[in-house]
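A short worksheet on the structure shown next.
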Amino acid sequence: MDDSSGVQMARALKQAALCLMLLPRFLLAAVMLWLLDFLCIRRKLLLKMGERQDSPDDPPLCVSDSNKMFTLESLRAVWHGQKLDILKTAHLGQTAPNTEVVLVQERRQVRILDCMKGNRPLILNFGSCS
């Protein structure tokens, strides 16, 4: 077994492990999307069966009659979002990653923790530069 096939095997195992981690979260989100569509359709049918007229103050039955939540596109987006969430480097309750930032005044790159002074808290201000 040469190095390239070993690397390919490691990548395949990593992808398989990632899929197993994502599957429960993905299925839960898919069920929620299906339930939203189901409740929307159910309410529409009950209103038609009862021949009840909606008042102008009632909210719409669905986001849209033609745009359903439980579609292949939305499921792909959910899968991609869950994958990005698992692969992110920052997690709640853990130490923040020490990424590179650019000091605007000096126009040089430094690590975030290089800007700390003693035991003082470091405050980051994410603003717009347009």
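Model, not experiment: these values are computed from the prediction.
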Which pair of non-hydrogen atoms, one from V78 and one from F26, has the smallest distance, and what is that distance?
-> CG1-CD1, 3.9 Å
Is the count of non-hydrogen atoms from other residues, nucleotides or ligands lying under 6.0 Å from E73 atom CD greater than 12?
-> no
What's the spacing between Q82 CD and L23 CG if we round to 0.5 Å?
-> 11.0 Å
List in chain and number order the residues that pass side chain to side chain contact (heavy atoms under 4.5 Å, CB included) with L28, two or more places apart in sequence or in another chain; answer none if no residue qualifies.
-> none
Considering residues at least two apart in sequence or located in another chain, which fulfil the side chain to side chain contact (heavy atoms under 4.5 Å, CB included) criterion with A77?
-> none
Would the number of heavy atoms belonging to other residues, nucleotides or ligands and lying under 6.0 Å from CE of M116 be above 12?
-> yes
Sequence neighbours left out, what passes side chain to side chain donor-acceptor pair (under 3.5 Å) with D85? Give chain and number order.
-> R25, K88
Sequence-distant partners of T99, side chain to side chain contact (heavy atoms under 4.5 Å, CB included), two or more places apart = P97, I112
Could you list the residues that satisfy side chain to side chain contact (heavy atoms under 4.5 Å, CB included) with C115, not counting sequence neighbours?
-> L103, V110, L122
Minimum heavy-atom separation for L33 to L75, with atom names?
-> CD1-CD2, 4.3 Å
Side chain to side chain donor-acceptor pair (under 3.5 Å) contacts touching residues 102-116 (sequence neighbours left out) = E106-R108
Return each pair, listed once, that meets ring-ring contact (aromatic ring centres under 6.0 Å, His included) where at least one residue sits in residues 99-119; pairs must be two or more places apart or across chains.
-> none
Between the SG atom in C19 and the NZ atom in K83, the distance rounded to the nearest 0.5 Å is 7.5 Å
Group every Ile, Leu, Val, Met, Phe, Trp and Tyr by side-chain heavy-atom contacts under 4.5 Å, then state whether W79 and L87 land in the same group.
-> yes
